[in-house]
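Take a look at the structure set out below.
In what follows, chains carry the letters A, B, and so on, assigned in the order in which the sequence lines appear, proteins first and then strands, with residues in each chain numbered from 1.
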Amino acid sequence: MPELPEVETTVRLLRPRLEGRRVVDAAVHWPRTLGGQDEAQFRAAVCGARVARLWRRAKFIALDLERRRSPAGTLLCHLRMSGRLVVEAAGAELDPHVRVVLRLDRGALHFNDARKFGRFFHCADPAAFLAALGPEPLGAAFTADWLARALRARRRLLKPLLLDQSFVAGLGNIYVDEALHRAGLHPLRRSDRVPRGAARRLHAAIRATLEAAIEREGSSFDVFYRTPEGNPGRFQDQWLAYGREGEPCRRCGRAIRRIVVGQRGTHLCTRCQPAPRRGGNAQRRVASW
DNA sequence: CTATGGCCCTGGTTGC
DNA sequence: TGCAACCAGGGCCATA
């Protein structure tokens, strides 16, 4: 599943092939990819524009567009589960899962998305569109101190909170499990009961995990995620918890367990990530008046 | 405020 | 062997 490291890898590898290119034509093969936007308006917004800059915010890939050197809005792409962006040679054969094609003055950008969850949005003001997102975990605003306070300000289970893009933006199921293992924190811990020192460990773990994953161009474990050059990522070889049910914890040797938290498969070491006191998952409702 | 569950989708896996 | 049922998973929405 493309999460921050996979999206960052996509942006980095796509940048030299996209920046400076002009969109000559747009074909939408699966209209729902536009999420309700009018297809004709979308095509009009994109065709003839030049890709001035490619950037990332959370799991969104953003293409700043220009016409005659003036801003012409931003195309935001979200890969969701199975989306992939690749620049192909002009006239390249169309894979049956390609949902959108932006024909360029040199080559063509193919949006391949088997599960059809990915989305393309054209918007005039991306900052407004992205305003509801929490801080970038690799950005300057995401400090250990901020995280410690933010955890205390909420009363959520750790894992669902870290998956909440309005809390921190960019983590998904894999990297939350990885970061929690690295920090030695149980996914069912309540956020407001995480001590300061543990919050600092979590902060460091999130950053280290993401940086290491970017370094290895993300994680691939099924047919879906590939870099824009067609290569699988290499971080799956270094997973500590995710996808390792029954395998020994790399730190202590105990078998990794899989539980379900908020409908999500969750992987952890019950020795390195001790369960919270009194169950933790049960929201004990105390009668009060 | 927080939690739960449905929905969107399809390819891969599991079960019979 | 063949086929149906099941499931994962990000984000969003309605409901409790």
Tell me which nucleotide among [options] gets nearest to the side chain of [X].
X        : options              : result
A:Gln263 : B:dA3, B:dG5, C:dG10 : B:dG5
A:Arg258 : C:dA8, C:dG10, B:dC8 : C:dA8
A:Arg156 : B:dA3, C:dG9, C:dG11 : B:dA3

Test of understanding: with ring pair (Phe, Tyr, Trp, His ring centres under 6.0 Å), list the residues that count as partners of A:Tyr242, not counting sequence neighbours.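 In terms of ring pair (Phe, Tyr, Trp, His ring centres under 6.0 Å), with neighbours along the sequence ignored, A:Tyr242 is linked to A:Phe221, A:Trp239, A:His267.
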Please enumerate all residues that pass ring pair (Phe, Tyr, Trp, His ring centres under 6.0 Å) together with A:Phe142, with sequence neighbours excluded.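 Counting only residues at least two positions away or on another chain, A:Phe142 forms a ring pair (Phe, Tyr, Trp, His ring centres under 6.0 Å) with A:Trp146, A:His203.
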Whole angstroms only, please: what is the [atom1]-[atom2] distance between [X] and [N]?
X        : N      : atom1 : atom2 : answer
A:Leu157 : B:dT4  : CG    : P     : 7 Å
A:Arg80  : B:dC7  : CZ    : P     : 17 Å
A:Arg264 : B:dG6  : CZ    : C1'   : 13 Å
A:Asp177 : C:dG9  : CG    : C1'   : 12 Å
A:Lys59  : C:dG11 : NZ    : C1'   : 8 Å
A:Tyr175 : C:dG9  : OH    : P     : 13 Å
A:Arg32  : C:dG11 : CZ    : C1'   : 15 Å
A:Leu76  : C:dG11 : CG    : P     : 13 Å

For [X], enumerate each residue passing the side-chain contact (heavy atoms from CB on, under 4.5 Å) test, keeping only those at least two apart in sequence or located in another chain.
X        : answer
A:Pro71  : none
A:Pro232 : A:Ser220, A:Arg226
A:Ser70  : none

For [N], take OP1 and OP2 only and decide whether either is under 4.0 Å from a side-chain N or O of [X].
X        : N      : answer
A:Gln165 : C:dG11 : yes
A:Arg154 : B:dC1  : no
A:His97  : B:dC9  : no

Which part of the nucleic acid, if any, lies within reach of A:Gly265 when heavy atoms closer than 4.0 Å are counted: base, sugar-phosphate only, or nothing?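 Touches sugar-phosphate only.
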Need one value for A:Tyr242: base, sugar-phosphate or nothing, where a base atom within 4.0 Å counts as base even if backbone is also close, heavy atoms only.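 Sugar-phosphate only.
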Considering only heavy atoms, which members of residues 111-123 of chain A lie under 4.0 Å from some atom of DNA chain B?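 Heavy-atom contacts with DNA chain B come from A:Ala114, A:Arg115, A:Lys116, A:Phe117.
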How are the rings of A:His78 and A:Phe60 set to each other: parallel, tilted or perpendicular (split at 30° and 60°)?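 Perpendicular, since the angle between the ring planes exceeds 60°.
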Shortest non-hydrogen contact from A:Arg250 toward A:Gln238: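 A:Arg250 and A:Gln238 have their closest heavy atoms at NH2-C, 4.1 Å.
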